[in-house]
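Residue numbers count from 1 along this sequence.
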Amino acid sequence: MAFIKLYRSKLHENYRFLDHLFKSRNIEWGVVSKLLCGNVIYLKELIALGVTEIHDSRISNLKKIKKLNPAIQTVYIKPPAKLSIKKIVEFANVSFNTEIYTIKLLSEEAIKQNKIHKIIIMIEMGDLREGVMGEELINFYGEVLQLPNIEVRGIGTNLNCLSGVMPTQDKLIQLSLYKQLIEVKFNVSIPWVSGGTSVAVPLILKNARPMAVNHFRIGEALFFGKDLFTGETIENMHNDVFKLFAEIIEITEKPNVPDGELGENVAGNSFSISNVDDLSSTSLRAILDIGLLDMQPQYLKTEDENITIVDASSDMLVVDITNSQNKYNIGDLISFKLKYMGALHLLNSDYIEKRVE
């Protein structure tokens, strides 16, 4: 058996920290919920925080959020696919957009549904994922302005999502200048300048954010309290809102070197004898009831620092407990802290039970 647990009090404390950080600086923010993979138990916990705006990249998740609380403003955080236009207008109040063709489809569908659909125009600022090129922005905005039932809620950018480009003060100043350019050119007001995701939190803590940048989308910082510039945990935040627990199903002392002709394992990896100092050595190994089907070992960290992860197959994880000061038995649980991608794999698995404490 294996399960992932959400610690409610730690989530609440992280939320209160961020909410105060943003509100004290007159910044609007929304929670990115895609990590939760639409799990209704955890979505209810999120809504119970008092969240009024939730961002996700899956329409099915936004549909669940609207069912739980229709008053929450839902934001679809990637350029819409043509086949999803109807559902996006139905379940997303706002969507990120980079293509005139797509926005025209949203406009037509919004007319059919008798709605005003809001959009954020995403601008390419160096990370080379989605975004309108800066030199094309004025013409792009001019075309959007003519479309019925479409409201430009703001402009935004994504950094550190593909190429690893970090959100510097200069990048956010550039984004602010785009806002000024549009407002002067078209005599309009741009409500949101959405400056990015959790990676921008350290800039806000240092008061290095240009005042015009007034909106952020936060996921990883809420759930992991992580400073994505340093990799450290932000002071007064928790990095263990989620933990994994996996049951021991075998404990045996075994050789550290396999016996037989070696090939690739199920994950495509090959064992290297050069990694073993003493070819006759043994270790006390525990097999846990979880495998590659549900997680990736590189995104897990054992809470018992004297346990090391050996490797995994599709349904089992092998750990070395030789140096642990704890006396483990069959049926005991071993706990792990999680990195973002580790939690994402686990939360996306139907085989891992989800609990709240």
Side-chain angles (χ1 to χ4, degrees), residues 28 30 32 34 53-59 61-62 73-111 115-167 171-183 185-186 188-200 212-217 219:
E28 294 186 57
V32 179
K34 62 181 179 181
E53 179 184 317
I54 297 181
H55 299 228
D56 210 299
S57 57
R58 308 288 176 177
I59 288 295
N61 297 344
L62 296 181
Q73 178 164 249
T74 50
V75 184
Y76 185 73
I77 53 172
K78 63 179 179 180
K82 181 179 179 180
L83 295 177
S84 301
I85 295 294
K86 182 178 180 180
K87 290 183 178 180
I88 286 169
V89 173
E90 185 175 0
F91 299 113
N93 300 109
V94 189
S95 63
F96 287 7
N97 282 271
T98 60
E99 292 287 348
I100 289 293
Y101 173 79
T102 304
I103 302 172
K104 287 179 179 178
L105 295 178
L106 290 168
S107 172
E108 292 169 3
E109 183 59 37
I111 291 170
K115 290 183 176 181
I116 300 296
H117 185 74
K118 302 172 187 176
I119 68 168
I120 295 178
I121 299 173
M122 300 301 287
I123 303 171
E124 173 57 59
M125 297 190 67
D127 200 50
L128 304 181
R129 206 177 71 170
E130 84 279 19
V132 178
M133 299 303 292
E135 60 269 23
E136 299 171 2
L137 181 61
I138 293 298
N139 288 337
F140 187 96
Y141 187 91
E143 285 193 60
V144 172
L145 202 57
Q146 307 303 315
L147 297 175
N149 292 57
I150 294 294
E151 175 189 326
V152 179
R153 181 64 187 169
I155 59 172
T157 193
N158 260 319
L159 296 167
N160 194 239
C161 290
L162 183 66
S163 302
V165 174
M166 301 302 281
K171 289 285 186 185
L172 296 185
I173 289 173
Q174 185 181 350
L175 186 61
S176 302
L177 291 174
Y178 284 131
K179 165 189 164 70
Q180 294 177 22
L181 189 61
I182 291 171
E183 289 183 336
K185 174 70 175 178
F186 296 100
V188 296
S189 175
I190 302 291
W192 281 354
V193 178
S194 194
T197 58
S198 293
V199 72
V213 180
N214 61 357
H215 181 267
F216 289 89
R217 300 99 58 189

Distance from [X] atom [atom1] to [Y] atom [atom2], nearest 0.5 Å?
X: Ile88; Y: Ile119; atom1: CD1; atom2: CD1; result: 12.5 Å
X: Thr197; Y: Phe216; atom1: OG1; atom2: CZ; result: 9.5 Å
X: Thr157; Y: Gln174; atom1: OG1; atom2: CD; result: 8.5 Å
X: Thr74; Y: Glu90; atom1: OG1; atom2: CD; result: 10.5 Å
X: Tyr141; Y: Ile182; atom1: OH; atom2: CD1; result: 6.5 Å
X: Asp127; Y: Asn160; atom1: CG; atom2: CG; result: 6.5 Å

Tell me whether [X] contacts the main-chain N or O of [Y] through its side chain, where contact means a donor paired with an acceptor under 3.5 Å.
X: Lys86; Y: Glu109; value: no
X: Thr98; Y: Met122; value: no
X: Asn93; Y: Lys118; value: no
X: Glu124; Y: Leu128; value: yes
X: Asn97; Y: Ser95; value: yes

To check you understand the geometry: which heavy-atom pair defines the closest contact between [X] and [Y], and what is its length?
X: Val199; Y: Pro167; result: CG1-CG, 3.4 Å
X: Phe96; Y: Val75; result: CE1-CG1, 3.8 Å
X: Ile155; Y: Tyr178; result: CD1-CB, 3.9 Å
X: Ser176; Y: Val213; result: OG-CG2, 3.5 Å

Quick check: do [X] and [Y] have side-chain heavy atoms less than 4.5 Å from each other?
X: Val94; Y: Glu53; value: no
X: Arg217; Y: Asn158; value: yes
X: Pro80; Y: Leu106; value: yes
X: Leu172; Y: Val193; value: no
X: Asp56; Y: Phe91; value: no

* Looking just at side-chain N and O atoms, do Ser107 and Asn149 make a donor-acceptor pair shorter than 3.5 Å? ->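 Note: Ser107 and Asn149 side chains miss the donor-acceptor criterion.
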* To do: Can you tell me which residue pairs pass the ring-ring contact (aromatic ring centres under 6.0 Å, His included) test with a partner in residues 143-163, sequence neighbours excluded?
  =>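 Qualifying pairs, neighbours excluded: none.
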* **Under-4.0 Å salt bridge between Glu183 and Lys179** =>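 A salt bridge is present here (some side-chain N lies under 4.0 Å from a carboxylate O).
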Check whether more than 12 heavy atoms from other residues, nucleotides or ligands sit under 6.0 Å from atom [atom1] of [X], and answer yes or no.
X: Arg129; atom1: CZ; value: yes
X: Glu99; atom1: CD; value: no
X: Lys185; atom1: NZ; value: no

* **Result of checking Glu28, Arg153, His215, His55 against Ser194 for side chain to side chain donor-acceptor pair (under 3.5 Å)** =>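 By the side chain to side chain donor-acceptor pair (under 3.5 Å) criterion, Ser194 pairs with just one of Glu28, Arg153, His215, His55: His215.
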